[in-house]
Amino acid sequence: MNIQPLLDALDLREDAARALADDLHAQTDGLQTRLREAETHLEHLAITRKTTAVPADRLPACTPDLPEHPDYPRVLAAFHHATGSLRAKDICEALGHELLPKNVEGTRAKPKRLVELGILAEVDTGNFARKP
């Protein structure tokens, strides 16, 4: 009896099984890479949520509408990063304005307006802080 055809058939099946195993390993490697990328993305989203929630915790419970000027959100951001009270000059620096008297005076009006809206407090003449 000649077993060569049987051995040839086994070789073919073995080659096919090996090719399938190699293909599955490649798919597994690709899936592991995609899984690592998805987990990294989830970590980044968690960090973003955490850093976004910290300033949100410092906002008053009911924030009145801010005036239309684009500096008002930036003024509030300066107070969120500050550890104490700020003067108009400090706010002017935080906004990136040149420290000219006209800029400092223009900047002083913004926290005064936020005090009127109940968002900030004037703890001392010219010293502004977040409301406790």
Side-chain angles (χ1 to χ4, degrees):
M1 173 168 189
N2 189 1
I3 62 166
Q4 191 57 41
L6 177 62
L7 294 176
D8 291 341
L10 286 174
D11 284 342
L12 287 174
R13 292 183 83 182
E14 186 179 346
D15 290 343
R18 186 170 288 117
L20 177 62
D22 290 343
D23 185 46
L24 291 174
H25 281 295
Q27 287 180 21
T28 301
D29 291 342
L31 289 173
Q32 286 176 341
T33 300
R34 288 179 58 198
L35 177 62
R36 278 192 301 274
E37 290 170 356
E39 287 173 340
T40 300
H41 187 65
L42 283 171
E43 288 173 7
H44 291 166
L45 289 172
I47 291 167
T48 301
R49 177 179 297 282
K50 190 173 187 178
T51 56
T52 303
V54 169
D57 292 343
R58 295 181 182 176
L59 290 175
C62 178
T63 305
D65 291 333
L66 292 177
E68 290 291 321
H69 197 279
D71 277 349
Y72 283 97
R74 295 174 56 210
V75 168
L76 286 177
F79 281 97
H80 292 308
H81 295 329
T83 56
S85 63
L86 296 175
R87 300 187 65 74
K89 187 176 180 180
D90 302 324
I91 299 167
C92 199
E93 282 183 280
L95 295 177
H97 297 314
E98 197 173 345
L99 294 178
L100 299 174
K102 69 176 187 170
N103 292 342
V104 174
E105 286 306 311
T107 302
R108 186 181 324 277
K110 290 173 180 61
K112 287 257 187 205
R113 177 77 174 125
L114 294 174
V115 168
E116 290 173 11
L117 292 172
I119 298 173
L120 295 179
E122 191 168 5
V123 292
D124 193 17
T125 305
N127 274 331
F128 303 93
R130 290 187 309 259
K131 277 198 156 186

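When reading the values below, keep in mind they use all heavy atoms of this one structure, side chains included, and skip hydrogens, waters and symmetry mates.
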Does Thr33 have any side chain to side chain contact (heavy atoms under 4.5 Å, CB included) partners at least two apart in sequence or in another chain, and if so, which?
Arg36, Glu37
Flag if over 12 foreign heavy atoms under 6.0 Å of CG, Leu7
yes
Review item, side-chain donor-acceptor pairs of residues 116-123, under 3.5 Å, at least two apart:
from	atom 1	to	atom 2	distance (Å)
Glu116	OE1	Arg113	NH1	3.4
Glu122	OE1	Lys112	NZ	3.3
Glu122	OE2	Lys112	NZ	3.3
Glu122	OE2	Gly126	N	2.9

Just list the side-chain donor-acceptor pairs under 3.5 Å for residues 11-22, sequence neighbours left out, or say none.
from	atom 1	to	atom 2	distance (Å)
Glu14	OE2	Arg18	NH2	3.0

Let me confirm one number: the CD-NE2 distance from Gln32 to His25, rounded to the nearest 0.5 Å.
10.5 Å
Should Tyr72 and Phe128 be counted in the same cluster of Ile, Leu, Val, Met, Phe, Trp and Tyr side chains packed under 4.5 Å apart?
yes
Through direct or indirect side-chain contacts below 4.5 angstrom among Ile, Leu, Val, Met, Phe, Trp and Tyr, which residues connect to Leu31?
none
Between Glu105 and Arg108, is there a salt bridge with N-O shorter than 4.0 Å?
yes
Using side chain to side chain donor-acceptor pair (under 3.5 Å) as the criterion, list what pairs up with Glu43, not counting sequence neighbours.
none
Donor-acceptor list for residues 84-101 side chains, cut-off 3.5 Å, not counting sequence neighbours:
from	atom 1	to	atom 2	distance (Å)
Arg87	NH1	Asn127	OD1	3.1
Asp90	OD2	Arg87	N	3.0
His97	NE2	Asp71	OD2	3.3

